Amino acid sequence: MFVIEIKNDERIVVRRASTEDLKEIVYALVSLVPMGKVISYKAIASLLGIHPRLVARFMALNDKPIIIPCHRVVMSNGSLGGYSRGGKVVKEKLLRLECVNVVNGKVLKEHIISGDELLN
DNA sequence: ATTTGCTCAGCTC
DNA sequence: GAGCTGAGCAAAT
């Protein structure tokens with residue numbers, strides 16, 4: 001993954017994406033997930049060619065708790081995964097508020113979108 | 001459904 | 001630089 005940067009003097013530089021870059025990109029992607037849908041850590045990770053755990057880490061760091069809907073990111077098998085602010089219980093409640101069905105601690109398949117669908 | 005082994009970026013020392 | 005720790009994954013059981 002690379003980023004293209006345009007400097008003030010109009011020079012263009014291409015460099016490998018730094019951790020900070022990736023973090024921003026991940027947040028941007030997550031905020032694209034619509035209400036009533038969720039996406040997996042893995043889907044995001046494979047879009048960017050990074051490890052799913054790194055995506056999870058970025059969620060945990062989470063600068064902007066409300067603005068970035070990290071509750072819409074779940075495990076690839078539908079299990080909830082974690083949530084730093086209140087745990088799974090809160091995460092599940094938030095999802096329910098958005099009309100996402102959670103059964104036995106798992107999000108139903110129909111709500112899970114792929115990376116491709118996200119980029120539509 | 002549950003256990004097991006793999007993973008790799010970040011954190012700590 | 002080496003070792004530990006996960007908001008995970010996938011295969012085997």
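Just so it is clear: chains get the letters A, B, ... in the order the sequence lines come, proteins before strands, and each one is counted from 1. Below, all heavy atoms of this structure are taken into account, side chains as well, without hydrogens, waters or symmetry copies. Owing to the predicted nature of the structure, the values given are computational and were not obtained by experimental measurement.
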Please report, rounded to the nearest Å, how far the C1' atom of B/dA9 is from the CE atom of A/M1.
17 Å
So what's C/dA10 paired with, Watson-Crick or G-U wobble, going by both distances under 3.5 Å?
B/dT4
Between C/dG8 (P) and A/M75 (CE): distance, integer Å
4 Å
Under a single-linkage definition using a 4.5 Å side-chain heavy-atom cutoff for Ile, Leu, Val, Met, Phe, Trp and Tyr, are A/M35 and A/V73 assigned to the same hydrophobic cluster?
no
Just how far, in rounded Å, is C1' of C/dA10 from NZ of A/K42?
8 Å
Out of B/dT7, B/dG10, C/dA7, whichever nucleotide has its closest atom nearest the side chain of A/H51:
B/dT7
Measure from CG on A/D21 to P on B/dG10 and round the result to the nearest Å.
12 Å
From the candidates C/dA10, C/dA7, C/dG8, the one with an atom nearest any side-chain atom of A/Y83 is C/dA7
If you check every side-chain atom of A/A60, which of C/dA7, C/dG8, C/dC9 has the closest atom?
C/dA7
Report yes if a side-chain nitrogen or oxygen of A/S76 is closer than 4.0 Å to either non-bridging phosphate oxygen (OP1 or OP2) of C/dG8; otherwise report no.
no
Measure from the side-chain heavy atoms of A/L54 and tell me the nearest of C/dC9, C/dA7, B/dA9.
B/dA9
May I have the distance from A/N77 (atom CG) to B/dT2 (atom P), rounded to whole angstrom?
12 Å
From the list C/dC9, C/dG8, C/dA7, which nucleotide is the closest neighbour of the side chain of A/R53?
C/dG8
Looking at every strand, decide which applies to A/K88 at a 4.0 Å heavy-atom threshold: base, sugar-phosphate, or nothing.
nothing
Using only heavy-atom distances, determine whether the side chains of A/D116 and A/S114 contain a donor-acceptor pair under 3.5 Å.
no
Would you mind reading off the distance between A/F58 atom CZ and C/dG6 atom C1', rounded to a whole angstrom?
14 Å
Donor-acceptor pair under 3.5 Å, A/R57 side chain vs B/dG10 base
no
Using a 4.0 Å heavy-atom cut-off, does A/S79 contact any base of the nucleic acid, only the sugar-phosphate backbone, or nothing at all?
nothing
Identify the heavy atoms of A/S40 and A/S76 that sit nearest to each other, and give their distance.
CB-CA, 3.7 Å
Nearest whole angstrom, please: distance from the C1' of C/dA7 to the CD1 of A/I39.
15 Å
Rounded distance (Å) that lies between atom P of B/dG10 and atom CE of A/M59
14 Å
Name the nucleic acid region contacted by A/G81, choosing base, sugar-phosphate or nothing; use a 4.0 angstrom heavy-atom cut-off, strictly under.
sugar-phosphate
Under a 4.0 Å N-O cut-off, is there an ion pair linking A/D9 with A/R11?
yes
In terms of hydrophobic clusters joined by side-chain contacts under 4.5 Å, are A/L119 and A/L48 together?
yes
